[in-house]
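Here's the structure, in structure tokens; my notes come after.
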Amino acid sequence: MINLDSFSESQQEAITTQDKHLRIIACAGSGKTTTVAGKVAYLLDPVNGFGIKPKNIIAFTYTEKAAGELKNKILNNVGQYRGMANMYIGTIHGWCLKSLQENEYKYQSFSVLDDIKLKLFVDKYYDVIGMKEVTKLSNPSVSLRRFIDTSLFVRIMDIVRESEVRNGVHFPSNILKAKRQYKETLISKRYFDFSMIMEKALECLEDDTNLTKSIKDDLKYLIVDEYQDVNPLQEKLINRLQEISNCKLVVVGDDDQNIYQWRGSNNKYIINFENKFDKGDVKTIPLSVNFRSSEGVTKLSETLISNNLKRIPDKKMESSKKQIFERGNDILYNRYEDVDAENDGIARYIDDIIGVKFKENDDEEPRGIAFSDIAILLRTWNKAGSIVEALERHNIPYITAGVNQLFEMDEVQAALGIFYYLYGDINSGELKEKWLNIPHTKVSADKIDFAISKLSEKNPNIKKVKDNWEYSLQDIFWNFLGDAEVYEENFINNTSKDIELRSKERAEIVFFNLGKFSQVINDFETINFNSTSPSFHLFSFLSFITYVAKDYYPEGWLNNPYKTPNAVQIMTIHQSKGLEFPCVIVPGLNQNYLPSKKRGGLSEWHFLDRNLIEEQSRYEGDEDKEDERRLLYVALTRSQKYLLLTQAPDLNNKLYKKESLFIQELTNAKINSFPVMITDLKHKFPDSDKIEQKPKEKIKNISLDFTSLKDIFDCPYRFKLISVFGFCYPLNQRMGVGKSFHNCLMEIHKEAKKGVLLSADELKSLIDRQTHFPYLTKSKQLTQPLLDKVKNNVEEYYTDNLDEFKNIEFVEQEIQYKIDRNILVVGRIDLIKKIGESGYYETTIVEFKSDEDNADAPITKDQLKLYALGHRELTGETANYIMTYVIGKNRPKTPEKLYDNDLEEIQQKIKDAVALIRDEKFVKTDVSKICSENCYQIRLCSNRIKYNLKPKR
DNA sequence: TCGCTGACAGTTTTT
DNA sequence: CTGTCAGCGA
């Protein structure tokens with residue numbers, strides 16, 4: 001199955017060593033992911049006789065993106081191996097959440113708060129969440145302030161839980177009290193934050209729980225990628241998993257690339273890994289050949305990093321010399337008069353290098369370097385602005401996380417105006433003007449007037465609104481856009497072909513920013529929907545925007561996750577980790593920038609005693625600048641061949657005048673003429689050697705769940721609005737009915753599968769536990785009917801289906817299905833039933849819908865067919881029937897026979913859908929029936945005009 | 001060349 | 001709040 005010949009000797013050793021704990025020290029560009037994927041395939045391969053199944057392996061990665069890449073490579077290696085959905089590949093957090101929810105039913109109804117929502121939550125519950133307890137060390141009468149110090153509080157809570165307490169000391173009582181109140185408040189509202197997921201999972205593993213048992217039985221190999229970035233809590237969890245299961249631990253990483261120490265990660269775990277085990281049980285395999293970079297790049301990087309003392313001794317990095325190093329040409333260090341000249345020099349360099357011949361591999365035909373082959377790597381974002389200006393002067397296309405502040409954009413100001421108007425801060429004329437001021441808009445003044453007039457129905461002071469506490473800002477936003485006919489096409493002004501293209505992009509940016517604003521509303525309402533009267537809800541939202549949101553939303557980024565345009569990429573060094581580029585530019589090599597100045601100002605350490613935390617200094621940066629040196633090391637090793645380092649004194653900032661001390665270290669390289677210093681701006685690359693630029697084809701991995709597929713099947717343009725632009729649906733009080741049903745049934749089925757029959761009381765407490773309506777407002781008249789509805793229907797389901805429970809084969813079975821090399825469809829099947837005797841039986845895949853869903857829609861059949869594909873991947877068998885069960889009506893539909901060509905059909909349908917995404921053909925479905933019946937997005941779609949539809953309100 | 005003083009400026013981000 | 005640096009006096 002797997003061909004070892006394609007791997008280097010040390011890679012082969014890493015792959016085939018299976019009887020020891022393994023530390024793989026993988027230098028930059030050493031083919032780390034490929035090797036790990038090879039290792040997994042090797043372990044699974046029946047030929048090798050290890051008897052390892054997918055469920056015996058867990059692989060932790062640092063990000064979901066990395067997980068996707070690893071998963072993809074593994075799947076491409078193992079071929080037709082079955083049951084791959086049972087192997088966990090993902091983040092530690094992801095695993096913890098999944099395991100918690102599978103192990104303890106009560107956590108099923110919990111959700112995880114991200115950064116922004118967490119801060120909103122903390123601000124909302126300021127009085128009880130423990131923030132007031134945290135006081136200044138120098139002056140205990142000063143405590144953390146609401147809104148202003150929220151980030152500090154969250155950071156302190158993270159440090160307190162994720163770091164290690166120094167031996168012999170413990171936290172003062174106020175911190176402990178704060179921690180307890182913080183956790184209790186989150187739990188009481190059924191929320192986790194990221195640390196708590198890990199804490200709870202660890203607690204779970206410390207007892208003799210089902211989770212502990214399943215780990216003990218199943219886990220044989222635990223792979224941890226990017227091990228240098230593990231923090232103390234994660235290390236504890238990893239150790240615990242190993243201890244319970246006695247599995248082999250495989251850690252992969254590079255201590256020189258630890259750049260997240262300020263987030264608590266600790267290099268010592270990878271450095272001291274071998275000490276954890278007996279000598280004969282553990283092995284270190286260095287992957288020291290860098291297949292990415294030329295010898296020039298590797299030597300230069302090595303010279304730099306050798307100045308670090310706290311690292312694994314005797315480390316080497318050798319270039320595979322796949323890229324030829326051309327001395328004096330590839331690696332440049334340019335110094336300029338001032339920053340303007342520096343930025344201009346960078347732009348001219350880019351102009352110059354475009355079209356230079358480049359080969360990924362020796363045996364390839366060369367292509368011309370394209371814009372997308374070039375990355376500008378920054379230490380801080382504040383450098384981006386002036387570089388972008390220079391690139392614009394030179395007409396060089398670029399993509400960046402965003403230079404403009406979200407709330408400075410005209411369209412966002414206009415959107416915000418809707419709410420200022422409702423609150424009475426601006427008048428209708430001012431609101432109208434804001435909308436008509438958006439550049440290139442074709443939205444008509446009359447329609448704006450109409451939309452404004454409609455807003456009067458939502459005035460929070462009129463009686464109808466005042467008495468109804470369900471007041472959705474999101475809904476107001478969508479309806480305004482609909483009434484005003486704010487469609488994407490209304491921002492495209494096509495006069496000439498060239499302008500048309502740009503104008504299309506501009507229209508997309510407008511919509512992207514509006515989508516981002518929709519997410520701002522969503523973040524706010526997720527936390528604050530159920531608390532206040534309409535007028536106070538509006539007031540709080542505007543306060544949030546004015547005082548808080550600016551800091552919480554640093555920028556709106558326009559990054560299409562599904563394609564990489566041919567443009568220079570501007571990003572931070574941190575973000576560039578794991579990436580590679582033929583050409584890397586590192587500007588601003590000044591003291592205080594790279595290495596950056598230590599941070600002053602009010603910090604968490606004014607509230608939390610430094611002496612309590614083991615190795616506290618890593619949070620703040622070390623004296624020897626080792627952290628910053630690693631950062632430059634990461635930047636340099638992103639380059640395959642071309643590297644431009646620049647420096648110039650900044651006339652406007654006295655801190656950035658002196659050259660970085662790292663330049664000295666680079667110059668001290670023993671190799672002659674490293675680096676080559678020039679200050680002239682002449683052409684470096686002769687035009688005669690250049691050919692046409694040709695971007696490298698970067699096919700991104702796509703992982704799709706049924707929700708996104710459903711959007712594409714129904715209407716690709718809806719997919720664009722939701723998944724590309726990011727518009728969010730309004731929240732409402734009834735939300736949670738479907739999920740409550742689903743969770744109840746899950747617990748019932750899981751218990752039934754174990755053979756447990758529930759008493760009436762047990763069923764009642766089950767329903768209690770699983771019923772959750774996160775957005776119910778204070779007006780209580782809805783609460784009881786909703787609770788009754790879930791209760792009655794679930795109880796009825798239980799009694800009606802007692803006989804069926806013996807046939808349950810799988811509950812909540814995860815599936816994945818690989819469509820082609822880069823597309824993975826994932827999902828979870830509610831229920832699979834198996835009826836009959838051995839040798840002759842029939843399987844039925846069941847999907848539950850509540851009566852509010854459109855259970856009869858053909859799309860539901862597609863969903864079931866897709867699950868059947870996943871089921872076949874898992875078991876090798878094709879299910880016989882598919883069936884929908886409508887809970888509200890408590891009546892199953894008759895199972896439908898499933899045919900082989902059903903599976904082929906759905907497979908083709910998915911392929912077609914993915915092709916639409918890849919080619920960005922987000923066409924509007926041209927069927928008025930679909931548009932009118934179930935499309936909320938019709939408000940933002942020109943089909944509304946075409947079919948003259950009035951959206952339901 | 002050393003020490004003092006005042007003015008100035010002010011990260012990185014995933015789960 | 002605090003690291004950094006230019007300017008100043010000795």
Side-chain angles (χ1 to χ4, degrees), chain A residues 60-68 90-98 100 111-119 136-139 142 149 151-152 154-155 157-158 161-162 191-201 225-226 229-231 233-234 237 257-265 377-384 401-402 551-555 557 571-578 588 590-607 610 618-621 623 625 627-632 634-635 649-658 660-661:
Chain A
F60 288 150
T61 59
Y62 202 59
T63 62
E64 288 300 339
K65 189 173 159 244
T91 62
I92 295 190
H93 294 87
W95 181 84
C96 289
L97 183 64
K98 177 183 126 86
L100 270 179
S111 45
V112 183
L113 292 178
D114 64 23
D115 202 34
I116 292 171
K117 292 196 193 78
L118 178 62
K119 287 189 222 167
K136 233 173 174 175
L137 295 170
S138 60
N139 180 0
V142 178
D149 298 324
S151 300
L152 277 182
V154 168
R155 221 170 124 68
M157 287 297 106
D158 281 348
R161 290 172 300 154
E162 297 204 352
Y191 285 125
F192 286 132
D193 72 351
F194 290 119
S195 308
M196 212 187 294
I197 308 172
M198 293 197 293
E199 278 186 298
K200 289 277 168 204
D225 195 11
E226 306 280 10
D229 282 326
V230 153
N231 72 31
L233 182 60
Q234 291 166 334
L237 193 102
Q257 293 187 60
N258 167 278
I259 54 174
Y260 286 105
Q261 62 301 119
W262 44 271
R263 237 157 56 184
S265 78
L377 304 184
L378 308 172
R379 172 68 249 253
T380 68
W381 275 115
N382 55 27
K383 205 146 185 50
D551 299 331
Y552 287 6
Y553 300 88
E555 73 255 339
W557 21 256
M571 63 180 89
T572 64
I573 299 173
H574 286 92
Q575 290 171 321
S576 74
K577 191 170 147 180
N590 284 320
Q591 271 307 73
N592 295 324
Y593 178 75
L594 185 57
S596 87
K597 182 170 97 73
K598 259 197 189 176
R599 198 181 143 219
L602 191 68
S603 78
E604 54 272 33
W605 306 110
H606 292 101
F607 297 87
R610 285 185 171 84
R618 73 183 193 279
Y619 283 97
E620 292 187 284
E623 284 307 307
K625 305 286 179 199
D627 303 335
E628 297 289 313
R629 197 174 284 109
R630 284 196 295 270
L631 215 40
L632 180 55
V634 167
D650 190 332
L651 300 179
N652 303 317
N653 189 328
K654 69 171 191 169
L655 288 175
Y656 305 148
K657 296 230 186 286
K658 286 203 296 192
S660 166
L661 68 95

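Given the structure is predicted, the values throughout are model-derived calculations rather than measurements. By convention in this document, chain letters (A, B, ...) are assigned in the order of the sequence lines, proteins followed by strands, and residues within each chain are numbered from 1.
- Side-chain contact check for A/Ser195 and A/Asp193: no donor-acceptor pair (N or O, by modelled atom type) lies under 3.5 Å.
- Taking atom CG of A/Leu152 as the reference point, atom P of C/dC1 lies 13 Å away to the nearest angstrom.
- Of the P atoms belonging to B/dT11 and C/dT4, the separation is 14 Å, rounded to the nearest Å.
- Among the atoms of the strands shown, only primed sugar atoms or phosphate atoms (P, OP1, OP2) are found under 4.0 Å from some heavy atom of A/Lys658.
- The nearest whole Å value for the distance from the CG atom in A/Asn590 to the P atom in C/dT4 is 14 Å.
- Judged by a 6.0 Å distance limit and a 45° cone about the ring axis, A/Lys383 is positioned over the six-membered ring of A/Tyr593.
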Nucleotide N/O to protein N/O under 3.5 Å, stretch nucleotides 7-9 of chain C:
none

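- Heavy atoms of other residues, nucleotides or ligands lying less than 6.0 angstrom from NZ of A/Lys657 number more than 12.
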side-chain contact (heavy atoms from CB on, under 4.5 Å), that's the test. Do A/Leu378 and A/Ile573 meet it? Break it down for me. CA-CA 6 Å; A/Leu378 308 172; A/Ile573 299 173; 5.9 Å; no
Between the protein and nucleotides 9-15 of chain B, list the N/O to N/O atom pairs that are separated by less than 3.5 angstrom.
unit_1: B/dG10; atom_1: OP1; unit_2: A/Asn653; atom_2: ND2; d: 2.7
unit_1: B/dG10; atom_1: N2; unit_2: A/Gly601; atom_2: N; d: 3.2
unit_1: B/dT11; atom_1: O2; unit_2: A/Arg379; atom_2: NH1; d: 2.8
unit_1: B/dT11; atom_1: O2; unit_2: A/Arg379; atom_2: NH2; d: 2.3
unit_1: B/dT12; atom_1: OP1; unit_2: A/Trp381; atom_2: N; d: 2.8
unit_1: B/dT12; atom_1: O4'; unit_2: A/Arg379; atom_2: NH2; d: 3.2
unit_1: B/dT12; atom_1: O2; unit_2: A/Trp262; atom_2: NE1; d: 2.7
unit_1: B/dT12; atom_1: O2; unit_2: A/Arg379; atom_2: NH2; d: 3.0
unit_1: B/dT13; atom_1: OP1; unit_2: A/Thr572; atom_2: OG1; d: 2.7
unit_1: B/dT13; atom_1: O4'; unit_2: A/Arg263; atom_2: NH1; d: 3.3
unit_1: B/dT14; atom_1: O2; unit_2: A/Arg263; atom_2: NH2; d: 3.4
unit_1: B/dT15; atom_1: OP1; unit_2: A/Glu64; atom_2: N; d: 3.0
unit_1: B/dT15; atom_1: O3'; unit_2: A/Thr91; atom_2: OG1; d: 3.2

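- With A/Arg630 contributing its side chain and A/Asn258 its backbone, the two residues share a donor-acceptor pair below 3.5 Å.
- Nearer the 5' end of DNA chain C, as judged by each residue's closest nucleotide, is the contact made by A/Lys136, out of A/Gln591 and A/Lys136.
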Between A/Tyr260 and A/Trp262, does the ring pair (Phe, Tyr, Trp, His ring centres under 6.0 Å) criterion hold? Intermediate values first, please. CA-CA 5 Å; A/Tyr260 286 105; A/Trp262 44 271; 5.7 Å; yes
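- Put simply, the side chain of A/Gln257 does not reach to within 4.5 Å of the side chain of A/Glu226, judged on heavy atoms.
- For A/Lys577 and A/Tyr62, the positive end sits near the middle of the six-membered ring, less than 6.0 Å away and at most 45° from its axis.
- Residue order along DNA chain C, read from the 5' end via each residue's closest nucleotide, puts A/Leu602 first among A/Asn592 and A/Leu602.
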